[in-house]
Participant: 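Let me give you the structure first, and then I'll get to my questions.
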Amino acid sequence: MRVAAVDFRRRWEEIGPAAAAALEAVGQSGRYILGQEVEEFEAELARGWGRRYCVGVASGTDALEIGLRALGCGPGTRVLTTPLSAFATTLAIVRRGAVPVFVDVDERGGIDLDQCERVLRSRPDVRTLVPVHLYGHPLDPAGLRDLQARFDCRIVEDCAQSALARRGGRPCGGVGQVAATSFYPTKNLGALGDGGAVLTDDEAVADKARSLRDYGQTAKYRHDALGYNSRLDELQAAFLRRVVLPRLAAWNARRRGIAGAYRAGIRHPGVAVPPPPGDAEPAWHLFPILVAAGRKDAFVHHLRRHGVDCGQHYPVPIPAQAAMGEVAWEAPFEFPRARAFCAGEVSLPLHPHLTPAEVSWVVETVNAWEG
Ligand SMILES: *Cc1c(COP(=O)(O)O)cnc(C)c1O
């Protein structure tokens, strides 16, 4: 048996005809950039997300950068963030000329809100946060809202892995002045290429983001800011709205079912399964498990030998990446938990098109590890 970490072939078997119809509709429309498809997709995503405005952009990285810029983050701004994420989270911050301030993560791999509070209390120069709902596990919205209110913070939530996750019955990504998400093909809300979105309740922020994505235009041929070429195109928007959004709730439910089977079935003294928060419906973008530092390579080898594809999210703490030697950053404390995730995290296959037999095979293979 071979269990793939992602399986676009099976996804295409399900959606191919609907995707072809979306292509036909866009082709017939004669409008390929910033037309009706983008507008309708934005309206629908904003509604599902419980936010007033959605602005489609070219990627999740751009959504973070444009969101930060729309909130006034620029050169020298200190931005609290996590050392354990896709590098893109930090890349968006340093592309603003801002300075990432890294704090450790909690037992689930999400940014440690207590450490955020310690930094905010002692550092009045730090008032911007980019937390990440890593693996699709929503961070505590009450904790985030408390920091935002007490310290008057600007927050850009990185929801690239948590599209339509919920916590406390409400959509994840409803606290920050901005939520940013990605439509990279492997994400839960994945397109057939790149894309992303800025979500907000603030009309001025939405207007700013809309202008920035389109060369900084505020009206045709009128440029009030040096913007970007960062538009979500009509084809991706049509695909997302007509093909993915109608299936996303079922796909996420299927992911939750598989995660439940993994959590119930995996019984191994050398393998820890970080539990999701009790009041959450995670998006289960990934299913992370932890093995002891020093045993990861042997475990990954065991899985691969038995046909189980897996990932590692993420093997290197962001501040330890070579590229970070080129820019300023700070780390007020050590981050041992993030380092432990980097040393011991392995992501099991988790996508909506896994078969029950494959799910059982993954559980059996993990439990059979002689490590
Ligand atoms: C994928 C991802 C991004 C970047 O999104 P792109 O669309 O690839 O630019 C940012 N943050 C996190 C947490 C991600 O998983």
Side-chain angles (χ1 to χ4, degrees), residues 31-77 79 88-89 91-93 95-98 127-131 144-145 148-149 152-160 163-164 171-183 189 191 194-238 240-241 245:
R31 183 81 195 259
Y32 305 135
I33 296 286
L34 295 186
Q36 189 111 24
E37 294 289 345
V38 168
E39 239 170 66
E40 286 177 13
F41 169 69
E42 288 173 339
E44 201 162 316
L45 188 62
R47 210 174 314 119
W49 204 291
R51 306 230 56 169
R52 288 177 64 196
Y53 306 100
C54 171
V55 180
V57 297
S59 71
T61 313
D62 282 5
L64 290 163
E65 182 179 347
I66 289 171
L68 282 164
R69 183 164 164 191
L71 294 181
C73 170
T77 304
V79 182
T89 307
L91 183 57
I93 296 168
R95 279 178 44 161
R96 286 304 304 134
R127 287 297 176 267
T128 307
L129 261 78
V130 178
L144 277 178
R145 199 170 286 114
Q148 186 184 42
D152 193 20
C153 291
R154 292 167 294 189
I155 300 181
V156 175
E157 295 181 72
D158 183 339
C159 299
L164 302 196
C172 173
V175 176
Q177 286 84 345
V178 165
T181 196
S182 163
F183 309 131
L189 182 50
D194 279 308
V198 172
L199 293 119
T200 183
D201 295 329
D202 184 330
E203 190 176 7
V205 168
D207 287 346
K208 181 93 195 179
R210 234 175 252 124
S211 150
L212 286 173
R213 76 174 170 185
D214 196 25
Y215 321 118
Q217 289 190 103
T218 45
K220 199 164 171 69
Y221 303 132
R222 167 141 187 177
H223 298 265
D224 290 347
L226 299 171
Y228 312 88
N229 176 346
S230 181
R231 298 167 299 232
L232 179 67
D233 64 58
E234 288 282 286
L235 260 182
Q236 299 301 346
L240 288 165
R241 182 174 70 86
L245 274 183

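Computed from a prediction, not measured in an experiment: that's the story for all the values here.
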Participant: Check step by step if side chain to side chain contact (heavy atoms under 4.5 Å, CB included) holds for Tyr32 and Leu235.
Facilitator: CA-CA 7 Å; Tyr32 305 135; Leu235 260 182; over 6 Å; no

Participant: State which residues pass side chain to side chain donor-acceptor pair (under 3.5 Å) with Ser59; sequence neighbours excluded, sorted by chain then number.
Facilitator: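 Checked Ser59 against side chain to side chain donor-acceptor pair (under 3.5 Å); zero matches.
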
Participant: What residues, two or more places apart in sequence or in another chain, satisfy salt bridge (Lys or Arg N to Asp or Glu O under 4.0 Å) together with Glu39?
Facilitator: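 Here no residue qualifies.
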
Participant: Between Glu42 and Val38, is there a side-chain heavy-atom distance shorter than 4.5 Å?
Facilitator: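 In contact.
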
Participant: Excluding sequence neighbours, so at least two apart, what forms salt bridge (Lys or Arg N to Asp or Glu O under 4.0 Å) with Asp224?
Facilitator: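 Salt bridge (Lys or Arg N to Asp or Glu O under 4.0 Å) check on Asp224 returns Arg222.
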
Participant: Got a sec, which residues hit side-chain contact (heavy atoms from CB on, under 4.5 Å) with Ser211, two or more places apart in sequence or on another chain?
Facilitator: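 Checked Ser211 against side-chain contact (heavy atoms from CB on, under 4.5 Å); matches are Thr218.
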
Participant: What residues form a side chain to side chain donor-acceptor pair (under 3.5 Å) with Glu44, not counting sequence neighbours?
Facilitator: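 By the side chain to side chain donor-acceptor pair (under 3.5 Å) rule, Glu44 matches no residue at all.
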
Participant: Please confirm whether the backbone N or O of Gly173 pairs with a side-chain atom of Trp49, one donor and one acceptor, at under 3.5 Å?
Facilitator: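 Answer holds: yes.
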
Participant: So do the side chains of Ile66 and Tyr228 get within less than 4.5 Å of each other, counting heavy atoms only?
Facilitator: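 In contact.
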
Participant: Nearest 0.5 Å, please: how far is CG in Leu45 from CG in Leu189?
Facilitator: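 Here the rounded value is 6.0 Å.
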
Participant: If we only count heavy atoms from C-beta on, is the Val79 to Cys73 side-chain gap below 4.5 Å?
Facilitator: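 Val79 vs Cys73: side chains touch.
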
Participant: Spell out, as yes or no, whether a donor-acceptor pair under 3.5 Å connects the side chain of Ser230 to the backbone of Asp62.
Facilitator: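 No; zero donor-acceptor contacts below 3.5 Å.
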
Participant: Report the residues that fulfil side-chain contact (heavy atoms from CB on, under 4.5 Å) with Ala206, sequence neighbours left out, ordered by chain and then residue number.
Facilitator: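 Checked Ala206 against side-chain contact (heavy atoms from CB on, under 4.5 Å); matches are Tyr53, Val55, Thr200, Arg210.
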
Participant: List for me each residue that meets side-chain contact (heavy atoms from CB on, under 4.5 Å) alongside Ala63, sequence neighbours excluded, and say none if there are none.
Facilitator: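 Once residues adjacent in sequence are excluded, the partners of Ala63 under the side-chain contact (heavy atoms from CB on, under 4.5 Å) criterion are Val57, Ala180, Val198.
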
Participant: Listing request: all salt bridge (Lys or Arg N to Asp or Glu O under 4.0 Å) pairs with a residue in residues 227-238, at least two apart in sequence or in separate chains.
Facilitator: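 Applying salt bridge (Lys or Arg N to Asp or Glu O under 4.0 Å) to every pair that reaches into residues 227-238, excluding sequence neighbours, yields Asp214-Arg231.
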
Participant: Is any side-chain heavy atom of Leu240 closer than 4.5 Å to a side-chain heavy atom of Phe183?
Facilitator: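 The answer is yes, as the side chains (C-beta and beyond) meet within the 4.5 Å cut-off.
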
Participant: Heavy-atom distance under 4.5 Å between the side chains of Leu232 and Arg213, does that happen here?
Facilitator: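 With C-beta onward as the side chain, the pair stays apart.
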
Participant: When you measure from the side chain of Gln177 to the backbone of Asp202, do you find a donor-acceptor pair of N or O atoms at a distance under 3.5 Å?
Facilitator: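 Absent.
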
Participant: Considering all heavy atoms of both residues, which atom of Thr61 and which atom of Ala88 are nearest to each other, and what is their separation?
Facilitator: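 Taking Thr61 first and Ala88 second, the nearest heavy atoms are OG1-CB, 3.5 Å.
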
Participant: What distance separates Ile155 CD1 from Arg145 CZ, expressed to the nearest 0.5 Å?
Facilitator: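 Ile155 atom CD1 to Arg145 atom CZ measures 9.5 Å (nearest 0.5 Å).
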
Participant: Going by the rule side-chain contact (heavy atoms from CB on, under 4.5 Å), which residues pair with Gln36 if we only count those two or more places apart in sequence or in a different chain?
Facilitator: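 Partners of Gln36 under the side-chain contact (heavy atoms from CB on, under 4.5 Å) test: Glu40.
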
Participant: Quick check: closest heavy atoms across Arg154 and Leu71, and the distance to 0.1 Å?
Facilitator: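 Reported closest heavy-atom pair: NH1-O, 3.1 Å.
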
Participant: Ala70 and Val205: which non-hydrogen atoms are nearest, and at how many Å?
Facilitator: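 Nearest pair, atom of Ala70 first, then Val205: CB-CG1, 3.9 Å.
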
Participant: I need the full list of salt bridge (Lys or Arg N to Asp or Glu O under 4.0 Å) pairs touching residues 45-60, with sequence neighbours left out, sorted by first then second residue.
Facilitator: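 The answer is Arg51-Asp201.
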
Participant: Under a 4.5 Å cut-off applied to non-hydrogen side-chain atoms, are Leu129 and Val156 in contact?
Facilitator: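 Heavy-atom side-chain distance check fails, nothing below 4.5 Å.
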
Participant: Do Cys153 and Thr128 touch side chain to side chain, with heavy atoms closer than 4.5 Å?
Facilitator: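 Heavy-atom side-chain distance check fails, nothing below 4.5 Å.
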
Participant: Can you name the one residue among Leu199, Val175, Leu64 that meets side-chain contact (heavy atoms from CB on, under 4.5 Å) with Glu157?
Facilitator: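 Answer to the side-chain contact (heavy atoms from CB on, under 4.5 Å) test with Glu157 among Leu199, Val175, Leu64: Val175.
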
Participant: Got a donor-acceptor contact below 3.5 angstrom from the Gln217 side chain to the His223 backbone?
Facilitator: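 Such a contact is absent between Gln217 side chain and His223 backbone.
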
Participant: How would you list, by chain and number, every residue that makes a side chain to side chain donor-acceptor pair (under 3.5 Å) with Arg95, sequence neighbours excluded?
Facilitator: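 Side chain to side chain donor-acceptor pair (under 3.5 Å) list for Arg95, sorted by chain: Glu65.
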
Participant: Using the test side chain to side chain donor-acceptor pair (under 3.5 Å), find all partners of Arg127 that sit at least two apart in sequence or belong to another chain.
Facilitator: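 Testing Arg127 for side chain to side chain donor-acceptor pair (under 3.5 Å), a comparison that skips the adjacent residues, returns none.
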
